[in-house]
Structure formats: C-alpha cells, structure tokens
Protein chains: 2
Amino acid sequence: MRGRSDVLEPAILGLLHETPMHGYELRKRLNLVLGSFRALSYGSLYPCLKTLVARGWIAGEESPAAPPHALSGKRARIVYHLTAAGKEHFQGILASSGPASWEDENFDVRFAFFAQTDAETRLRILEGRRSRLTERLETVRQSFHRTRERMDEYTLELQRHGLEQVEREVRWLDGLIDNERGVRPARPTGTDRPVDADHAEGAPRPGSELKERG
Amino acid sequence: MRGRSDVLEPAILGLLHETPMHGYELRKRLNLVLGSFRALSYGSLYPCLKTLVARGWIAGEESPAAPPHALSGKRARIVYHLTAAGKEHFQGILASSGPASWEDENFDVRFAFFAQTDAETRLRILEGRRSRLTERLETVRQSFHRTRERMDEYTLELQRHGLEQVEREVRWLDGLIDNERGVRPARPTGTDRPVDADHAEGAPRPGSELKERG
DNA sequence: GTTAGCATGTAAGGAGTTACATGATTTT
DNA sequence: AAAATCATGTAACTCCTTACATGCTAAC
C-alpha cells in the first residue's frame with residue numbers, strides 16, 4: 001500500500017481548515033486522522049509546516065499562549081491558520097478526485113474531510129475507490145487460483161484473509177454509497193456491530209450488511 | 001503505520017529459502033507475499049539483491065537459462081540462492097519474535113514464512129501480535145469516546161470502521177492461535193468463517209473455500 | 001513489424017523515521 | 001526534587017519510488 005504522495009500535507013490543511021492550532025496539538029489530532037494509529041514524528045511535522053508557510057498556504061503567529069491561570073511566561077506557541085490561498089488550495093485538493101485519491105492512504109485522508117466537500121465529489125471518490133478495490137480483487141483472486149497448489153497453508157491463509165478484508169471494505173463502501181444517494185439501507189444484519197449503541201440521526205449509516213457464508 | 005524495518009530483506013531470504021530464483025521471478029512472487037498488492041519496483045529489488053550478496057547471505061549464478069525449446073541464446077539470467085550463512089541468518093530472523101515482529105508489515109512477512117518455523121515461535125508471534133492489536137484497540141476506543149462529540153460524522157465513521165477491522169483481525173488471530181494449539185474451535189461466533197474446517201494433525205488447514213460471488 | 005513480456009540494472013529524489021538538542025511547566 | 005508532559009526544532013539516515021537506459025524474445 002504505498003502509492004503515497006504526501007498524505008501529511010492535505011491532512012494538515014484539513015485540520016487547520018477546521019480550526020487554528022499549534023504544532024504539538026496538530027500532531028495529536030493527526031495521529032487520529034491518519035487512520036492507522038501510527039505515531040507521526042515531529043521530525044516530519046515541523047519541516048512540513050515550514051514548507052507550507054513558505055508556499056503561503058498557512059501562516060503562524062506566535063501567541064504568548066494565554067494560559068488559563070495567566071501569568072507572563074509559558075513558552076510561546078506558534079498557532080498556525082490557513083491563509084486565503086491555503087483555503088483555495090485545500091478546496092482544490094478536495095475537488096480533485098482523480099485516480100490518486102482512491103489509493104489507500106490518500107483515500108483515508110480524503111474521507112476524513114468529506115464533511116468539507118459536496119455530495120457529488122464524495123460520490124465520485126467513493127465510487128472510484130470501489131472500482132479500484134474490485135479491480136484488485138480480480139487480480140488477486142486470479143493469482144490465488146493459479147498458484148494455490150504451489151503454496152503452503154500459511155501463505156494461502158494470509159491471502160484468503162487479505163481477500164476477505166478487501167471484500168468487506170467493498171461492502172462498506174456500498175453502504176456509504178447507498179447512503180450518499182439518500183437510500184436508507186435496511187437494518188444491518190447484525191454482524192457489523194456499531195462501536196457504540198446510540199447514533200445521531202442524519203449520520204452516514206453504512207448498512208454494512210454482510211451475510212455469513214459457509 | 002510504518003514501523004517499517006526492512007520488509008524486503010526477510011521476504012527475499014524467505015522466498016529463496018524455498019527455491020532458487022532470478023530477480024524478475026522474485027519480484028512477481030514478492031508482490032504476493034508482500035500482502036498488499038503493491039507493485040514492488042526493480043529499483044528496490046536489484047540493489048537489495050546486491051547488498052545481500054555483499055553480506056554473503058545469497059549468491060547468484062549466471063545461468064544460460066536453459067530455454068524449454070533450447071538453442072544457444074536468451075539473455076543470461078542470474079539465479080540467486082541462499083548460502084549457508086544466509087540460511088543461518090534467516091533462521092535467526094524467524095526465531096527472533098521480538099516486538100518488531102508484531103508490527104503490521106513485519107508480521108505479514110513473518111506469517112508468510114510460518115511454514116519454515118516451529119510451532120513454539122509461531123505461537124509467540126501470533127500472541128504478540130494479538131496483544132499489540134488489543135493494546136491499540138484500547139487506545140483508540142478511549143480517544144474515540146473522549147472526542148466523539150467534537151467530530152463530524154465522517155471522521156467518526158472512519159474511526160468506527162477502523163476499529164471494526166482491528167476487532168476482526170483479533171478474532172482471526174484467535175482462530176489461528178486455537179488452531180496452533182490443536183484446539184478444535186467451537187463453531188465460530190458467527191461473523192467469521194471457520195478458519196478450519198477439517199483438521200489434519202499438526203498442519204494448519206485454513207478452510208480456504210473461497211467461493212466466487214456474483 | 002510492432003506491441004507485449006522477459007530480464008537487468010542506475011540515478012535522483014520523496015516521504016518519512018530516529019536520534020539528538022533544548023527548555024518551560026505541571027504533576028507527583 | 002524528580003518525572004512527566006508540553007513545546008519546538010535539526011541532521012542524518014532509510015526504505016522505497018519514479019524515471020531512465022538497455023536489449024532480447026514471443027506473439028499478434
């Protein structure tokens with residue numbers, strides 16, 4: 001999975017689009033958005049902020065840090081915010097739903113900022129992602145069947161599991177696409193339990209109905 | 001998540017441990033082993049082979065390429081094989097089931113060569129991986145509940161989906177661990193297909209009945 | 001006779017990591 | 001007084017990618 005083309009930059013712009021922040025706080029939020037729990041390092045973050053400033057997309061102001069209990073001190077933090085050019089650029093990123101945007105990591109970041117996009121773009125990206133995945137499924141299924149005799153059980157199992165995961169993600173996307181189209185899906189069949197019981201209404205509700213097989 | 005520490009090297013050693021091969025063929029096999037369908041480039045592969053030769057773990061012989069229909073020509077291919085030192089080193093890699101080995105990509109590669117390892121090591125790695133994942137689950141679940149009010153629906157959904165995937169992988173590991181212990185799992189809890197249908201002794205037999213679905 | 005696949009490589013560079021360096025503030 | 005956490009950065013390095021360069025063979 002690494003068709004990576006700078007996942008950091010759009011993620012930073014996206015977060016700052018919501019609200020200004022300083023570097024340290026950005027990092028914590030990024031670790032959530034960047035999906036996979038990886039701990040982003042300062043060695044990546046601060047240089048990236050620098051180049052974004054250089055390009056004129058964000059600007060940083062030293063804030064004397066208004067501590068809740070006041071006094072003079074506390075180390076001055078640099079609070080970054082999107083400039084006008086930065087907002088424009090970010091909108092451009094969101095609108096460009098080209099092939100790059102349905103690669104693994106890029107997709108995650110795009111998806112995380114879906115709330116800032118229009119429904120049309122959301123659909124384009126979801127469907128692009130879906131066809132990307134089914135395309136993969138075909139390739140892998142074929143090589144699976146071609147080579148299964150020559151593989152040991154563990155390699156086989158790893159591949160079966162991989163396939164299953166992708167199949168599941170396709171169904172997830174199906175739910176999201178239906179939802180985006182305003183189709184209210186039938187009650188989920190029960191295997192896909194929500195992390196939490198209650199759910200706000202109007203929320204995207206992927207009816208990831210997946211039937212057990214076998 | 002990239003706690004990557006050279007996933008290529010062990011993968012190459014592992015494949016050559018099974019049978020000697022030349023670079024071009026290695027690449028194709030690697031794309032399967034390396035799980036995620038990514039197309040590994042020659043720009044990575046050949047330099048890596050070079051350094052492995054330099055370290056004395058593999059050796060390459062120019063073979064005039066015995067074409068099936070014979071004649072003189074065809075470009076000479078360099079067929080690589082593990083040296084004695086290389087075999088030893090690879091066994092060392094397999095045996096070292098330290099924390100590094102239960103990170104995402106490393107785990108996949110380790111798992112792919114489980115057939116070359118002893119049952120004890122397999123169990124250590126599977127269990128290490130499992131506790132790594134549950135640890136993550138806790139962290140993410142907590143931040144999920146702490147911050148859910150401040151997040152939009154899409155970010156929320158992305159995180160819910162991520163959590164679900166990890167939960168599923170834990171159940172998958174549970175199946176494998178049971179299997180490794182020779183426990184015949186009671187009917188799986190319902191959402192995951194049986195990892196094991198019938199049971200040969202000692203041998204893991206993933207029930208890879210992968211039916212095509214319309 | 002030209003496209004597709006086999007086969008091996010090099011050079012430049014991108015996106016990120018680790019390890020280091022520094023210092024203030026809060027908690028124990 | 002020590003330890004944790006907040007806060008900002010730099011330098012060196014790693015692993016891998018893209019784009020290039022070369023040439024042979026099989027199939028259409």
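Excluded from the calculations below are hydrogen atoms, water molecules and symmetry mates; all remaining heavy atoms, backbone and side chain alike, are included. Here is how names work: the chains are called A, B, and so on, in the same order as the sequence lines, proteins then strands, and each is numbered from 1.
- Summary of the strand contacts: B:L49 and B:K28 both lie near DNA chain C, and taking for each the nucleotide with the nearest heavy atom, the more 5' one is attributed to B:K28.
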Query - Evaluation steps, side-chain contact (heavy atoms from CB on, under 4.5 Å), between B:F114 and A:D152 - result: CA-CA 9 Å; B:F114 258 24; A:D152 64 284; 5.9 Å; no
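- The NE2-C1' distance, from B:H22 to C:dT8, rounds to 10 Å in whole Å.
- The side chain of A:S41 places an N or O atom within less than 4.0 Å of a non-bridging phosphate oxygen (OP1 or OP2) of C:dT17.
- Defining each end axis of the helix from C:dG1-D:dC28 to C:dT28-D:dA1 as the rotation carrying four pairs' C1' atoms onto the next four, with five pairs an end, the two axes are found to diverge by 40° to 10 degrees.
- Scanning for ring-ring contact (aromatic ring centres under 6.0 Å, His included) contacts around A:F90 gives A:H17, A:F113, with sequence neighbours left out.
- In this structure, CZ of B:R27 is placed 11 Å from P of D:dT18, rounded to the nearest angstrom.
- Between the side chain of A:R27 and the backbone N or O of A:Y42 there is no donor-acceptor pair closer than 3.5 Å.
- Across the protein-nucleic acid pair, B:L45 atom CG and D:dC16 atom P stand 11 Å apart, rounded to whole Å.
- Whole-Å rounding puts the B:N106 CG to D:dC15 C1' distance at 12 Å.
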Protein-nucleic acid N or O pairs under 3.5 Å, nucleotides 10-12 of chain D:
residue : atom : partner : partner atom : Å
D:dT10  : OP1  : A:K50   : NZ           : 2.8

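- Not counting sequence neighbours, the partners of B:E61 by the side-chain hydrogen bond (donor to acceptor under 3.5 Å, both in side chains) test are B:H81.
- Minimum atom distance to the side chain of A:R77 is reached by D:dT8, of the listed D:dT17, C:dT17, D:dT8.
- Regarding B:E9, its CD atom lies at a distance of 8 Å from the P atom of D:dC15, rounded to whole Å.
- For the pair A:N31 CG and D:dC6 P, the computed distance is 13 Å after rounding to whole Å.
- For A:Y24, whose side chain is taken as the heavy atoms from C-beta onward, the closest listed nucleotide among D:dT8, C:dT8, C:dT17 is D:dT8.
- Between A:E135 and A:R132 there is a salt bridge, since at least one side-chain N of the basic residue sits less than 4.0 Å from a carboxylate O of the acidic one.
- Separating the CD1 atom of B:I78 from the P atom of C:dT8 is a distance of 6 Å, rounded to the nearest angstrom.
- Under the side-chain hydrogen bond (donor to acceptor under 3.5 Å, both in side chains) criterion, A:E120 pairs with no residue at all, not counting sequence neighbours.
- Side-chain contact of B:S44 with B:S41: a donor-acceptor pair under 3.5 Å is present, judged by distance alone.
- Considering only residues two or more places apart in sequence or on other chains, B:R124 meets the side-chain hydrogen bond (donor to acceptor under 3.5 Å, both in side chains) condition with B:S97.
- Ring geometry, B:Y154 versus A:F111: the interplanar angle exceeds 60°, so the pair is classed perpendicular (tilted spans 30 to 60°).
- Rounded to whole angstrom, the span from the CG atom of B:D6 across to the C1' atom of C:dG16 amounts to 15 Å.
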